Amino acid sequence: MANEPRGNGGPNPRLEGSGGGMESSKDSSRCSSPGLDPERHERLREKMRRRMESGDKWFSLEFFPPRTAQAAVNLISRFDQMGAGGPLFIDVTWHPAGDPGSDKETSSMTIASTAVNYCGLETMLHMTCCRQSQEQITGHLHKARRLGLKNILALRGDPVGEQWEEEEGCFRYARDLVKLIRSEFGDYFDICVAGYPKGHPDAESLEDDLKHLKEKVDAGADFIITQLFFEADTFFHFLKACSRMGISCPILPGIFPIQGYHSLRQLVKLSKLEVPQKIRDVIEPIKDNDDAICNYGIDHAVSLCQELLASGLVPGLHFYTLNRRMATTEVLKRLGMWAEDPRRPLPWAVSAHPKRREEDVRPIFWASRPKSYIYRTQDWDEFPNGRWGHSSSPAFGELKDYYLFYLTSKAPREELLRMWGEELTSEESVFEVFVHYLSGEPNQSGCPVTCLPWNDEPLAAETSLMKEELLRVNRQGILTINSQPNINGKPSSDPVVGWGPSGGYVFQKAYLEFFTSRDTVGALLQVLKKYEQRVNYHIVDVKGENITNAPELQPNAVTWGIFPGREIIQPTVVDPVSFMFWKDEAFALWVEKWGKLYAEGSPSRMIIQDIHDNYFLVNLVDNEFPLDNCLWQVVEDTFELLHRPGTRGDRLRDPVP
């Protein structure tokens, strides 16, 4: 099993008693060039300032913590879906009743830290100060910083009953929270505060409320997000009033696309707002038609946003999503602000944790399980930058819990059974699951196979470049879980394989990773003798028996890019030592994610267990990237040899030395 994480973890921490020839983690992960994505190195207020100076408009999204573990799984999936549209940041609300600062999977703290670390989203955590001591609040802030959160929306919070009652030892105003953050943490956090275009319900007047807002800004707040409103003039009047009060920081309008009659009534009740009569006149006759109300809400939000943006006074828009995707996404698409295909800064999903901002190299094995990779390397103090370096003992944390909510499948057990088979009858029925996943065609039960244990997401776009070849080999028992085509100098803007800044060129070596039987491995090893100088291979079984022709401890770059004014970036490698840590996870997924769907001792469970126990995990790299990919020929030659009369004798029975 994988080693326990070390305190000074990195990709290659020096072993005690090891020879002096090993490079230190710091030396081997030297910075080779400026970061590919400048926004990874900027704090939120700097991102805002840069976009305001350039005139680029942005949007942000608000979510609230779910109540159940399955809802948490669904929300993290929503983060991934809506993160693809290019929000500048998201924020997560603070629910005192839900133990918000705890480690529960439904807590505000956990949801926000998951968005940062595992979804790569700039994230702001709401935090209220009522009914909490200064010591409790400070503890929450220390935890937030430790988890990689660096933006706080400072709020007073709501009273327990109808009226506000001051509690001894607790803060009374949000400005007290802002002051605490600045006094205890200096400039570490970017701080947002709330603004109320029609005045806070508890304020004596709008002018009185603006004085409190000015105090929050003077105490150290960086920007303001407003409560929702329904008419653009409401926001414009608020902006003018703020200007007269001397408030000059960015002010973002809070946008609420109306999505249903009851949700609107509930939100209005909580915020103590009045819905304009002209909106009520439209909604009341259709209040029982959710689709009609949602369509109206989208139209109204688009019109409101267009008026706000046309004024030139609004740098960005903040959307209250209610954890729903459709309405907000549709509004942003109509506004032309939704980035359908945002440029990838790197070929893999990045984390937004501050300590990973320099990270630009990873092993390819976790390409389809980036959240698992981030989890297993969360205790590293340094991350590879520029190159992976020699690695004698990467300190990968052990993955004991395959059911962490951000690692579990979005599909419930019943759906997984429909996709992967209510009952398996043979190894060939397993082959068919892989084939249906690749083809997109429904299985015998009429159910599309949209995920596998090693990949919970749709197929990568580049898979289409080799789809027919993948289908052919999977039908014959080469069960692929990771692959990439060879690429020789495609523009970095290429919609399928491109990544990194504009004006660059990207390169890839062909890569194929798969499970296959002992007999197939025996034939494969004989075929690979003909490709010894061209193809690097690693072949391992669940017990750790390892066959490779790769130089000891030497990583092989399989993806790299050349960009104007920068050194070569090589973000993806095949690392022989990391592969041995990955194989534990890859083999375990057979049982943990697939086998345990069936009753213990059942034929289906035994088929999966037999594959786990007896198959090999193989990776192949074709180093001649300018030439046609030879790996498909390697596999064809393997099957030709395997099926040749007289070759299934003793010399193939036990191929592993």
Side-chain angles (χ1 to χ4, degrees), residues 39 44-45 47-48 51 56-66 71-95 108-127 148-153 155 190 192-195 223-229 235 250-260 263 267 271 294 297-298 300-302 304-305 308-309 314-342 349-352 406:
E39 288 202 350
L44 180 53
R45 67 188 186 213
K47 296 176 184 179
M48 289 184 178
R51 295 205 182 192
D56 291 337
K57 305 300 182 185
W58 75 79
F59 69 91
S60 51
L61 306 169
E62 180 170 298
F63 300 90
F64 59 83
V73 173
N74 296 338
L75 182 58
I76 299 311
S77 173
R78 189 135 302 161
F79 286 169
D80 290 334
Q81 294 166 356
M82 299 189 76
L88 186 64
F89 66 94
I90 71 163
D91 67 327
V92 177
T93 61
W94 186 265
H95 282 197
S108 301
M109 189 78 74
T110 298
I111 294 296
S113 67
T114 300
V116 166
N117 289 288
Y118 298 99
C119 303
L121 296 171
E122 183 80 56
T123 303
M124 180 165 65
L125 175 65
H126 289 215
M127 192 170 291
L149 293 160
K150 52 189 188 292
N151 309 298
I152 299 292
L153 175 51
L155 301 162
D190 282 4
C192 177
V193 292
F223 63 102
I224 297 165
I225 293 177
T226 77
Q227 189 185 51
L228 66 95
F229 53 90
F235 182 77
I251 302 176
L252 307 184
I255 308 299
F256 172 63
I258 299 169
Q259 302 180 55
S263 62
L267 201 61
S271 57
C294 187
I298 291 170
H300 173 265
V302 170
L304 174 62
C305 292
L308 292 169
L309 294 170
V314 175
L317 304 169
H318 185 72
F319 286 85
Y320 298 106
T321 69
L322 298 185
N323 289 8
R324 300 173 186 171
R325 178 173 60 91
M326 192 278 289
T328 300
T329 301
E330 182 62 26
V331 171
L332 287 164
K333 287 180 178 179
R334 292 196 196 179
L335 293 171
M337 297 178 71
W338 183 265
E340 286 288 353
D341 186 23
V350 301
S351 168
Y406 41 81

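Everything numeric here is computed off the predicted structure, so don't read it as measured data.
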State the CZ-CD1 distance between F59 and I90, to the nearest 0.5 angstrom.
11.5 Å

With D190 via salt bridge (Lys or Arg N to Asp or Glu O under 4.0 Å) - residues at least two apart
R43, R45

Residues P315 and W58: closest non-hydrogen pair is O-CE3, 3.3 Å

If you define the side chain from C-beta out and look only at heavy atoms, does anything of F79 sit under 4.5 Å from L121?
yes

Nearest-0.5 Å distance that lies between atom CE in M82 and atom CG in L61
5.0 Å

Quick one: are F63 and R78 in side-chain contact, heavy atoms under 4.5 Å?
yes

Report yes if some heavy atom in the side chain of K57 is under 4.5 Å from a heavy atom in the side chain of L335; otherwise report no.
no

Begin with the C-alpha distance, continue with both residues' side-chain angles, and end with the deciding distance and a verdict on side-chain contact (heavy atoms from CB on, under 4.5 Å) for F64 and H126.
CA-CA 10 Å; F64 59 83; H126 289 215; over 6 Å; no

Begin from the C-alpha positions of V331 and F319 and carry the test side-chain contact (heavy atoms from CB on, under 4.5 Å) through to its verdict.
CA-CA 10 Å; V331 171; F319 286 85; 3.8 Å; yes

For the residue pair I224 and A194, what are the closest heavy atoms and their distance?
CG2-C, 4.2 Å

Which value, rounded to the nearest 0.5 Å, describes the distance between D91 atom CG and C192 atom SG?
8.0 Å

Heavy-atom closest pair (I76 atom, C119 atom, distance to 0.1 Å) is CG2-SG, 3.8 Å

Taking C-beta and beyond as the side chain, do I298 and M326 meet within less than 4.5 Å on heavy atoms?
yes

Derivation of the side-chain contact (heavy atoms from CB on, under 4.5 Å) call for L44 and L88
CA-CA 8 Å; L44 180 53; L88 186 64; 4.1 Å; yes

How many angstroms lie between atom CE of M337 and atom CG of L309, to the nearest 0.5 angstrom?
5.5 Å

Within-4.5 Å side-chain heavy-atom neighbours: W94 and L153
no

Find the distance between CG (L308) and CD1 (I255) and round it off to the nearest 0.5 Å.
5.0 Å

At their closest point, which heavy atom of A327 faces which heavy atom of P257, and how far apart are they?
CB-CB, 4.3 Å

Check whether any side-chain N or O of T226 sits under 3.5 Å from a backbone N or O of G195 as a donor-acceptor pair, and report yes or no.
no

Closest non-hydrogen atom pair between T110 and T114, with its separation
O-OG1, 2.7 Å

Using a 4.5 Å cut-off on heavy atoms from C-beta on, say whether the side chain of E62 contacts that of I225.
no

For R324, check salt bridge (Lys or Arg N to Asp or Glu O under 4.0 Å) against everything at least two apart and list the hits.
none

Kindly indicate whether the side chain of F235, heavy atoms from C-beta on, has any atom under 4.5 Å from the side chain of L304.
no

Heavy-atom check, side chain of L125 versus side chain of M109, under 4.5 Å
yes

Pair T329-Q81, side-chain contact (heavy atoms from CB on, under 4.5 Å): steps then yes or no:
CA-CA 10 Å; T329 301; Q81 294 166 356; over 6 Å; no

Where is the tightest heavy-atom contact between Q259 and C294, given as atom of each residue plus distance?
O-CB, 4.0 Å

Distance (rounded to the nearest 0.5 Å) between L228 CG and H318 NE2:
10.5 Å

